[in-house]
Amino acid sequence: MSTSSFHMFQSAFVFLLLLLLMSTSMQTISAATTNNGCIKTYKKFIKSACNSTTYPKICYKALSPSAPAIKTDPYKLCNISLSLTLNATYKASSYIESLSKMKGLSPSEKQIIGDCAETTDVAIDELQQSLKALASLQGSDYKAGEMSDIQTWVSAALTDEYTCTDGIEGQKVRKAVKNTINKNVLYLARLTSNCLALFKLLD
Ligand SMILES: *[C@@H]1O[C@H](CO)[C@@H](O)[C@H](O)[C@H]1NC(C)=O
Ligand SMILES: *[C@@H]1O[C@H](CO)[C@@H](O)[C@H](O)[C@H]1NC(C)=O
Ligand SMILES: *[C@@H]1O[C@H](CO)[C@@H](O)[C@H](O)[C@H]1NC(C)=O
């Protein structure tokens with residue numbers, strides 16, 4: 001190979017390399033743009049679904065991080081909403097459990113903490129049942145029946161959560177206990193209520 005043809009070969013090689021790099025980065029850019037566009041669409045879907053709930057802000061805040069998984073699928077939306085609610089119930093249950101270990105609890109505080117621990121555990125059971133039923137819903141022949149079972153369990157969980165917070169009202173309970181229970185269980189009840197509203201979108 002002469003020096004000049006070697007140079008030609010070299011510049012052709014560099015040129016091709018540049019071309020290759022450019023096309024790869026353009027592909028990356030365009031993939032990123034498409035992806036951002038999709039995420040926007042997915043978040044819009046969640047926002048509009050959450051608009052039908054009683055607590056739309058809580059709904060959107062809880063669900064929007066899952067936009068890539070939900071896409072625009074109302075079934076996934078319900079599944080993830082239910083799973084988030086169940087997770088919040090586990091969390092509330094463990095806070096209530098830790099309250100029961102506080103020193104110097106009065107008999108009425110013990111009573112209330114015990115009652116809330118019980119109703120929260122029942123709510124966990126009901127939400128687990130709903131999640132299981134929802135998982136088997138796809139492809140099922142008994143769609144209407146199963147939907148109504150799910151809604152019944154979720155409503156029952158909501159009632160149980162309010163049984164706990166209503167039970168505290170007017171009782172002699174120190175602030176720390178009352179606030180911990182109210183904060184966790186009321187948030188949970190709002191998630192649960194939103195879940196029920198989102199299920200209506202599946203009907
Ligand atoms: C939410 O609902 C309100 C009134 O019902 C409506 O004006 C608004 O456009 C809705 N927003 C979305 C994002 O769907
Ligand atoms: C529904 O949620 C459960 C629990 O998070 C998960 O295991 C399951 O894969 C989900 N199903 C679908 C179809 O998204
Ligand atoms: C609920 O918690 C489980 C276990 O920590 C986790 O795998 C799942 O992703 C959580 N669900 C949601 C919707 O974040």
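The figures here come from the full heavy-atom set of this structure, side chains too, leaving out hydrogens, waters and symmetry mates. Both ligands and their constituent atoms are indexed starting at 1 by order of listing.
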Subject >> Heavy atom of protein closer than 4.0 angstrom to atom 7 (O) of ligand 3 >> reply: no
Original post:
Would you say the side chains of Thr120 and Glu161 form a donor-acceptor pair under 3.5 Å?
Top reply: no
**OP:** Taking all non-hydrogen atoms of both residues into account, name the closest pair between Cys50 and Tyr60 and its distance.
**Re:** SG-N, 3.4 Å
**OP:** Identify, for atom 13 (C) of ligand 2, the protein heavy atom at the shortest distance, and state residue, atom and that distance.
**Re:** Tyr75 CE2, 3.6 Å
Original post:
Given side chains that start at C-beta, do those of Tyr75 and Leu201 come closer than 4.5 Å, heavy atoms only?
Top reply: no
Subject >> Nearest protein heavy atom with distance in Å, relative to atom 14 (O) of ligand 3 >> reply: Leu84 CD2, 3.8 Å
Subject >> Which residue and heavy atom of the protein sit nearest atom 1 (C) of ligand 2, plus the separation >> reply: Asn79 ND2, 1.5 Å
Subject >> Nearest-contact summary for atom 9 (O) of ligand 3 - protein heavy atom, Å >> reply: Asn87 ND2, 4.9 Å
Original post:
Which pair of heavy atoms, one from Ala62 and one from Leu84, lies closest together, and at what distance?
Top reply: O-CD1, 3.4 Å
**OP:** Identify which one of Ile181, Asp115, Leu188 satisfies the side chain to side chain contact (heavy atoms under 4.5 Å, CB included) criterion when paired with Cys164.
**Re:** Ile181
Original post:
What residue and atom, counting heavy atoms only, is the protein's closest point to atom 5 (O) of ligand 2, and at what distance?
Top reply: Ser83 OG, 3.3 Å
Original post:
If you count the atoms of ligand 2 from 1 in the order shown, which ones are under 4.0 Å from a heavy atom of Lys76?
Top reply: 12 (C), 14 (O)
Original post:
Do any N or O atoms from the side chain of Thr159 and from the backbone of Ser155 form a donor-acceptor pair under 3.5 angstrom?
Top reply: yes
